[in-house]
Student: 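Structure provided below as structure tokens; questions to follow.
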Amino acid sequence: MLKIDNIHTYYGHIHALKGISLEVEQGEIISLIGANGAGKSTTLLSISGLEKPRTGTITFNGEDLTKLSPEKIVNLGITQAPEGRRIFPNLTILENLELGAFLRNDKKQIKKDIEFMYGLFPILGQRRNQLGGTLSGGEQQMLTISRALMMEPKLLLLDEPSLGLAPIIVQQIFDIIKKMNDEYNITVFLVEQNANQALKISDRGYVLQNGVITLTDTGENLLKNDEVRRAYLGV
Amino acid sequence: MDVGYFLKLLLSGLTRGSIYALIALGYTMVYGIIKLINFAHGELYMLGAFTGLIVASLMSYSGINPVLSLIVATIIAIIYSSAYGVAIEKIAYKPLRKSQRLSALISAIGVSMFLQNFVLLFQTSDFLSFPNLIPTFKFLKPVENYLSSAQVLIYICTALFLIGFTILVKFTKTGKAMRATSQDSKMAQLLGISINKVISFTFLIGSAAAAIGGVLISSQVGQINFYIGFIVGIKAFVAAVLGGIGSLAGAVLGSFVLGLVESFGTGYISSNYEDLFAFVVLIVILTFKPAGLLGKSEKQKV
């Protein structure tokens, strides 16, 4: 479904991604784990078209994303809940969700989908008319994922959904991710520092170090891998 | 105290405030979206006035009904100024979007000079008289010493524009996209919002408002030249800063504060200082509220 082939992305003069290749198949949950600064977010921004790779290709169902604008990429069915959640602080929760469906025109179905999100995360429903900036970190994470789901994505990109959250909330968020994948057939590409949680729900995983992919295996095997355990699981 | 005189100054202050508001909105909107002070914005008001003058003169010489002439002149002025506004962004600002903010600012000053001289070249440096197209409202007869038909028309047009604009920004999809873009343009792109379209639309609306202001005030004052955009542009900019640059409600509030201060200042102190009051009030307010009346002070991470 998504195929990244040998991309090099630069941040100014910094060579952030040094020839990354990976693949995500329809229906999978894939995680990309790595330390701070390894290039995880850059990988996601490259897919979404906000950071264009200098060389290499990214194809989605055969279409070359590196030539498309960010809005065209969203239109193909790739949405992202980015690093830092990036909730619009001065828009209400409802408005944030409505903007998630910006490229859709089926008003009635959008309304139903918003109700669906309120069902997933009841706290969002209770606070629907509050400004996004007033939410707690966990609530913002729920909102950023719901907002990304509003586009009915084929591929959902999640950047560190567990960052800074209490363990019980992390569990809740990961359960929802799994549920979206199981019941609604949404393919998930997950970037995480919290390798343990991420690998548990993943079909396969990639380990990223200093802009290079150093290891890839099934989620299960990576959890057992000595190197991964030492570097990312704190064992 | 002479109540009549006070009332007259109050009403004329509201007129000034209305015109400033129509222009200040453009400054604050553009700043909100691309963080640029569009110094060429005042020239769009001037272009609107000139387009209005040309169309209105042609129509009134041909003996067409003045009200119809005014409406057509305003519409054509809106189209013309908007086209300029959008084109200016594409030509002078878009290529500089990724460079330092100062570059775009200098480009804006350049555009402003270019447009002034462009009009100077094709028109003249003399004041040209604007045909009187505003009908006399009969119901204003008892109060005609305080309130002219032109003023009433300016209030009505400004109010209608502000209502329409508020609905647009608050409730429509485009308005939500504009607010989202001004808060976080990268996130807006990740949701499929085309920021190029949002920016063009922002320039279009801002220029349209300036053109309406240009035609209205010119038909009230009765004469225009190539330089009128400069001083009014600066004043409207002051109004936008006064209210809190980036805040739409702030721009409107700042405009009315400024209009009233100028009107009372010239009426009670001296009209020699007309242009001074704007800057005095700016300094006073920014001393106590550095972010402006409705502006939010930005927390900077160090």
Side-chain angles (χ1 to χ4, degrees), chain A residues 12 41 44-52 68-105 107 110 131-133 140 143-153 156-159, chain B residues 28-29 31-35 90 94-95 97-100 166-202 243-251 291-292 294-301:
Chain A
S41 298
L44 289 194
L45 292 177
S46 300
I47 298 170
S48 284
L50 282 183
E51 294 292 339
K52 294 284 180 199
L68 299 179
S69 63
E71 62 266 20
K72 293 251 167 63
I73 293 172
V74 175
N75 214 12
L76 290 178
I78 303 178
T79 61
Q80 180 168 167
E83 187 180 18
R85 293 140 196 165
R86 299 188 98 143
I87 298 305
F88 299 112
N90 296 326
L91 295 182
T92 65
I93 288 168
L94 175 61
E95 288 171 332
N96 268 282
L97 288 173
E98 285 171 341
L99 281 172
F102 185 76
L103 293 177
R104 290 172 56 187
N105 289 314
K107 276 191 179 167
I110 291 175
L131 295 183
Q140 289 195 5
L143 180 54
T144 196
I145 291 177
S146 310
R147 186 176 59 182
L149 287 170
M150 283 302 296
M151 191 54 210
E152 302 177 315
L156 176 64
L157 308 174
L158 296 172
D159 198 340
Chain B
T28 218
M29 276 164 72
Y31 185 83
I33 305 268
I34 56 171
K35 300 289 176 280
K90 293 253 183 276
K94 195 177 169 195
R97 212 178 278 164
K98 286 196 173 131
S99 22
Q100 298 174 15
T166 309
I167 292 170
L168 171 85
V169 170
K170 267 209 126 50
F171 302 111
T172 67
K173 208 167 163 176
T174 310
K176 283 173 198 160
M178 286 168 76
R179 284 187 286 150
T181 306
S182 83
Q183 288 173 39
D184 185 343
S185 62
K186 281 206 165 167
M187 188 62 228
Q189 284 179 285
L190 286 177
L191 296 177
I193 295 169
S194 157
I195 56 168
N196 283 334
K197 278 188 198 155
V198 169
I199 291 171
S200 291
F201 188 73
T202 304
I245 189 95
S247 156
L248 298 173
L294 300 183
K296 289 188 189 108
S297 52
E298 273 180 46
K299 286 178 201 128
Q300 275 205 337
K301 275 189 190 168

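Because only heavy atoms are used, hydrogens play no part in the values below, and waters and symmetry mates are left out as well, while side chains stay in. In the text below, chain A, chain B and the rest are named by the order of the sequence lines, each starting its count at 1.
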Student: Against chain A, label B/Lys197 side chain, backbone, both or neither, depending on which of its atoms sit under 4.5 Å from a heavy atom there.
Tutor: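 For B/Lys197, no heavy atom lies under 4.5 Å from chain A.
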Student: Do B/Leu191 and A/Arg147 have side chains that get closer than 4.5 Å, going by heavy atoms?
Tutor: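 Result yes, sub-4.5 Å side-chain heavy-atom pair found.
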Student: More than 12 foreign heavy atoms under 6.0 Å from NZ of B/Lys90: is that the case here?
Tutor: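 Atom NZ in B/Lys90 is packed in, count exceeds 12.
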Student: Select one option (side chain, backbone, both, neither) describing which atoms of A/Ala148 are under 4.5 Å from chain B's heavy atoms.
Tutor: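 No part of it gets close to chain B.
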Student: Is there side-chain contact between B/Lys173 and A/Asn105, with heavy atoms separated by less than 4.5 Å?
Tutor: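 Of all side-chain heavy-atom pairs linking A/Asn105 with B/Lys173, at least one is under 4.5 Å.
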Student: Decide if atom NZ of A/Lys72 counts as having more than 12 heavy atoms of other residues, nucleotides or ligands within a radius under 6.0 Å.
Tutor: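 No, because the 6.0 Å sphere around NZ of A/Lys72 holds 12 heavy atoms or fewer from other groups.
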Student: With side chains defined as the heavy atoms from C-beta onward, is the minimum distance between B/Met187 and A/Gln80 less than 4.5 Å?
Tutor: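 Answer no - side chains too far apart.
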Student: Check whether any side-chain heavy atom of B/Leu190 lies under 4.5 Å from a side-chain heavy atom of A/Pro70, and answer yes or no.
Tutor: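 Heavy-atom side-chain distance check fails, nothing below 4.5 Å.
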Student: Working to the nearest 0.5 Å, report the span between NZ of B/Lys176 and CD of A/Glu98.
Tutor: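 Going from NZ on B/Lys176 over to CD on A/Glu98, the span is 3.5 Å.
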Student: Could you give the side-chain donor-acceptor pairs of residues 84-93 of chain A under 3.5 Å, partners two or more places apart or in another chain?
Tutor:
from: A/Arg85; atom 1: NE; to: A/Gln141; atom 2: OE1; distance (Å): 3.1
from: A/Arg85; atom 1: NH2; to: A/Leu163; atom 2: O; distance (Å): 2.5
from: A/Arg86; atom 1: NE; to: B/Asp184; atom 2: OD2; distance (Å): 2.9
from: A/Arg86; atom 1: NH2; to: B/Asp184; atom 2: OD1; distance (Å): 3.2
from: A/Thr92; atom 1: OG1; to: A/Glu95; atom 2: N; distance (Å): 3.0

Student: Heavy atom to heavy atom, less than 4.5 Å: which residues from residues 243-251 of chain B reach chain A?
Tutor: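 Contacts with chain A: none.
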Student: For A/Phe102 versus B/Gly192, what's the shortest heavy-atom pair and its separation?
Tutor: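 Distance-wise, the nearest heavy atoms are CD2-O, 3.8 Å.
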Student: Looking at A/Ser48, A/Pro82, A/Ser69, which has the largest count of heavy-atom pairs under 4.5 Å with chain B?
Tutor: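 Max contact count across the listed options: A/Pro82.
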Student: Looking at A/Leu157, A/Leu103, A/Leu99, which one has more heavy-atom pairs under 4.5 Å with chain B than the rest?
Tutor: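 The option with the most such pairs is A/Leu99.
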